[in-house]
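Note that this is a predicted model, so its numbers are computed, not measured.
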Amino acid sequence: LRGVLCADHIGFHLYEWARNFLASCRRLLAVTFEARRGGGLTVSYNGRSIAVTITHMGVEPSLLLQKLPAPAVVRAAQKLRAAFGNAAVISSVDMLEGLKGVPLKLLAFEHFLHLHPHRAGSVVLALYGIVPDARPDDVHACRREVTALVARINGRFPRAVYFHELRSLPLVERIALWQATDLLFVSSVREGLNLMPFEYLLAREGNPGALLLSEFSSVARVLSGAVTTNPFSIKKVGLAIEPALSLPPDERARRAAADL
């Protein structure tokens, strides 16, 4: 804490994290703080005033919008759409690690298909699993569980899940995926930073899609137009998929406008 307080300006993604930091400073160092005009906070420490601000990190719109009309993006999006046919596409790009909640996502999608068996064949889950270099035991356990669930779901509902395991997914490929996606699904059980929902909103600005976000992801606090769920409640998440997919165009546009 003393080391961090050597800075002149301390920034946090979310207010709850700033609140935890300020509470720790008060309890452990007897440091005082006060609210400033304009909504900022000031911490008083060793005769110094330290600014504390809360600003969620975002993406660079001009960079992303510049790539939207690129031939490589257009071709990749067309290829994806051709692969999925007329099916509604639920997309997910996750690190294959425990905190991302990928098995919970698959269980919720499986429950959705059991609730709506007529949707089998008309809805697909495009799951892109990014293999991280760290925590090999966690990655191995997650991969084993994910591949088993994908096999089980596809055994009951053929071609319901497209699982792709990658080392990375470059921006151009992500933009193409977003343009082919009807619903972006985030199921993290704990997540501090995920910029992909922001990319998705920008990539679909002219034709808004829908967002289904875990309430434990930081983006759920700042994207008020998203549908939020508790990923641990598999049945409730499964129930939430159909309404999120079925949002009418005007409602999707209204929700996207709240966040753009």
Side-chain angles (χ1 to χ4, degrees), residues 1-61 63-64 92-105 129-142 167-169 171 174 184-202 211-226 228-233 237 258-259:
L1 289 176
R2 291 190 179 97
V4 174
L5 288 170
C6 289
D8 298 309
H9 184 175
I10 305 170
F12 293 90
H13 287 303
L14 303 172
Y15 174 72
E16 63 196 69
W17 298 352
R19 180 180 59 193
N20 181 66
F21 172 75
L22 294 170
S24 299
C25 289
R26 184 181 67 246
R27 293 169 183 168
L28 298 177
L29 301 176
V31 168
T32 61
F33 61 91
E34 61 181 357
R36 299 182 302 168
R37 292 184 63 181
L41 296 166
T42 299
V43 175
S44 299
Y45 178 67
N46 281 351
R48 297 167 52 244
S49 294
I50 303 155
V52 176
T53 57
I54 299 94
T55 306
H56 196 285
M57 192 174 179
V59 297
E60 184 59 52
L63 176 63
L64 191 143
S92 168
V93 180
D94 299 288
M95 301 289 280
L96 291 177
E97 55 188 19
L99 290 177
K100 299 304 181 183
V102 183
L104 296 174
K105 188 196 312 279
I130 309 300
V131 181
D133 295 326
R135 298 183 297 278
D137 292 341
D138 182 31
V139 173
H140 178 70
C142 183
R167 284 290 175 181
S168 65
L169 191 65
L171 178 60
R174 292 201 305 272
L184 179 62
F185 189 2
V186 175
S187 58
S188 305
V189 299
R190 193 66 177 171
E191 188 171 58
L193 179 63
N194 184 349
L195 299 180
M196 293 185 192
F198 297 101
E199 293 178 358
Y200 178 69
L201 284 169
L202 284 169
L211 289 168
L212 182 60
L213 303 180
S214 163
E215 64 186 34
F216 303 118
S217 174
S218 66
V219 291
R221 274 75 156 184
V222 296
L223 296 179
S224 59
T228 59
T229 60
N230 180 342
F232 291 107
S233 182
V237 179
D259 297 322

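- The minimum heavy-atom distance linking Gly192 with Trp17 is given by the pair CA-CH2, 3.3 Å.
- Nearest heavy atoms, Ala220 versus Ser214: CB-O, 3.3 Å.
- Partners of Leu1 under the side-chain contact (heavy atoms from CB on, under 4.5 Å) rule, at least two apart in sequence or in another chain, are Phe21, Ser24, Cys25, Leu28, Leu29.
- Considering only heavy atoms from C-beta on, His140 stays 4.5 Å or farther from Asp137 through its side chain.
- With hydrogens and angles ignored, the 3.5 Å screen pairs a side-chain donor or acceptor of Ser187 with a backbone N or O of Gly101.
- Listed by chain and number, the residues in a side chain to side chain donor-acceptor pair (under 3.5 Å) with Thr42 are Arg36 (sequence neighbours excluded).
- Note that the CG atom of Leu213 and the CD atom of Glu215 stand 11.0 Å from one another [nearest 0.5 Å].
- For the side-chain contact (heavy atoms from CB on, under 4.5 Å) test, residues two or more places apart in sequence or in another chain that qualify with Asp138 are Glu97, Arg135.
- Across all their heavy atoms, Val139 and Pro132 have their closest contact at CG2-CG, 3.4 Å.
- Applying the side chain to side chain donor-acceptor pair (under 3.5 Å) test to Arg48 and every residue at least two apart in sequence or in another chain returns Asp8.
- For Ser224, the side-chain contact (heavy atoms from CB on, under 4.5 Å) partners are Ala258, Asp259, not counting sequence neighbours.
- Distance check, rounded to the nearest 0.5 Å: CG of Leu5 to CG of Asn46 gives 8.5 Å.
- Note: Leu22 CG to Arg27 CZ = 11.0 Å, rounded to the nearest 0.5 Å.
- For Phe33, there are no ring-ring contact (aromatic ring centres under 6.0 Å, His included) partners, not counting sequence neighbours.
- No side-chain heavy atom of Val237 sits less than 4.5 Å from a side-chain heavy atom of Leu104.
- Applying the ring-ring contact (aromatic ring centres under 6.0 Å, His included) rule to Tyr45 yields no partners; only residues at least two apart in sequence or on another chain are considered.
- Under the rule for a side chain to side chain donor-acceptor pair (under 3.5 Å), the partners of Ser188 that lie at least two apart in sequence or sit in another chain are Glu191.
- A search for side chain to side chain donor-acceptor pair (under 3.5 Å) contacts involving Arg167 returns Asp133, not counting sequence neighbours.
- Partners of Val222 according to the side-chain contact (heavy atoms from CB on, under 4.5 Å) rule, which considers only residues two or more places apart in sequence or in another chain, are His56, Phe198.
- Listed by first and then second residue, the salt bridge (charged side-chain N to carboxylate O under 4.0 Å, His left out) pairs that reach into residues 9-26 are Glu16-Arg221, sequence neighbours excluded.
- Distance check: Glu199 CD to Asn194 CG gives 8.5 Å after rounding to the nearest 0.5 Å.
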Practice item. Quick one: do Asp94 and Lys105 satisfy side-chain contact (heavy atoms from CB on, under 4.5 Å)? Show the steps, please. Key: CA-CA 11 Å; Asp94 299 288; Lys105 188 196 312 279; 3.2 Å; yes
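- Between atom OG of residue Ser218 and atom CG of residue Leu195 there is a gap of 8.5 Å, rounded to the nearest 0.5 Å.
- Residue Leu96 holds its CG atom at 7.5 Å from CD1 of Ile130, rounded to the nearest 0.5 Å.
- Phe12 is listed as a side-chain neighbour of Ile10, based on a closest heavy-atom distance under 4.5 Å.
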Practice item. List the steps, then state whether side-chain contact (heavy atoms from CB on, under 4.5 Å) holds for Leu201 with Leu211. Key: CA-CA 9 Å; Leu201 284 169; Leu211 289 168; 4.0 Å; yes
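- Here the shortest heavy-atom pairing between Leu223 and Pro197 reads CD1-CB, 3.7 Å.
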